[in-house]
Amino acid sequence: MARPSVADVMTRQVVYLPEATMLDEAAQVMRDRAIGDVVVTRGPTMIGLVTDRDIVVRAIAENLPVKTTSLGDITSHELIMVEQSATVDEAVQAMRDRGVRRLLVCDADRKLVGIISLSDVALLPTSAPA
């Protein structure tokens, strides 16, 4: 059985927050929307991604105050994208190659249409070997 495409399993809800957003507010947005990441923007431009884990490891563990530390202070600026038509296996390989747990998903015109994470992939049924 063929593996599904990225479009079949990705999360289509993408939340954008400005880089000036304080970490406590970003964490509340993640909690309220039941998501683990936000795309960080500067004006109309995407500049990075912040995950719930980034807030813990880069801010809380470093004793940065969450009420006065902004997303821009801890943003991962490398935006790694995969096209929605790629296979899940290709996306997982890209995650392995880059050492990340999430990829932004774009359409053929490089417009952001979703995010795929390891947890999206982990929920896929596995097929038994023949």
Does L112 share a hydrophobic cluster with V50, counting links as ILVMFWY side-chain heavy atoms below 4.5 Å and allowing steps through other members?
no

Distance-only criterion, 3.5 Å: show the donor-acceptor pairs between side-chain atoms of residues 57-64 and protein atoms not counting sequence neighbours.
{"from": "R58", "atom 1": "NH1", "to": "I74", "atom 2": "O", "distance (Å)": "2.7"}
{"from": "R58", "atom 1": "NH1", "to": "S76", "atom 2": "OG", "distance (Å)": "2.8"}
{"from": "R58", "atom 1": "NH2", "to": "S76", "atom 2": "OG", "distance (Å)": "3.0"}

Which heavy atom of V14 sits nearest a heavy atom of G114, and at what distance?
CG2-CA, 3.6 Å

List for me each residue that meets side chain to side chain contact (heavy atoms under 4.5 Å, CB included) alongside L79, sequence neighbours excluded, and say none if there are none.
M46, L104

If we only count heavy atoms from C-beta on, is the M81 to L103 side-chain gap below 4.5 Å?
no

S117: side chain to side chain contact (heavy atoms under 4.5 Å, CB included) partners, not counting sequence neighbours:
R102, S119, D120

Taking all non-hydrogen atoms of both residues, which atom of V38 and which atom of L17 are closest, and how far apart?
CG1-CD1, 3.9 Å

Rounding to 0.5 Å, atoms CZ (R12) and CD1 (I116) come to a distance of 11.0 Å

I'd like to know if the side chain of T69 reaches the main chain of V66, judged simply by a donor and an acceptor atom lying under 3.5 Å from each other, with no hydrogens or angles considered.
no

Going by the rule salt bridge (charged side-chain N to carboxylate O under 4.0 Å, His left out), which residues pair with K67 if we only count those two or more places apart in sequence or in a different chain?
D24

Looking only at non-hydrogen atoms, find the nearest pair between D37 and I115 and report the distance.
OD1-CD1, 3.2 Å

May I ask you to decide if T51's main-chain N or O and D54's side chain share a donor-acceptor pair within less than 3.5 Å?
yes

Any salt bridge (Lys or Arg N to Asp or Glu O under 4.0 Å) involving residues 26-36? Give me the pairs, sequence neighbours left out, ordered by first then second residue.
none

Stepwise side chain to side chain contact (heavy atoms under 4.5 Å, CB included) check, L118 with M95:
CA-CA 8 Å; L118 283 179; M95 288 182 209; 3.4 Å; yes

Only pairs at least two apart or in different chains count here, so list each salt bridge (Lys or Arg N to Asp or Glu O under 4.0 Å) that has a residue in residues 79-92.
R3-D89

So if you build clusters from Ile, Leu, Val, Met, Phe, Trp, Tyr with side-chain heavy-atom gaps below 4.5 Å, do I47 and Y16 land together?
no

Check: T87 and V6 side chains under 4.5 Å, non-hydrogen atoms:
no

Shortest non-hydrogen contact from S5 toward S85:
CB-O, 4.2 Å

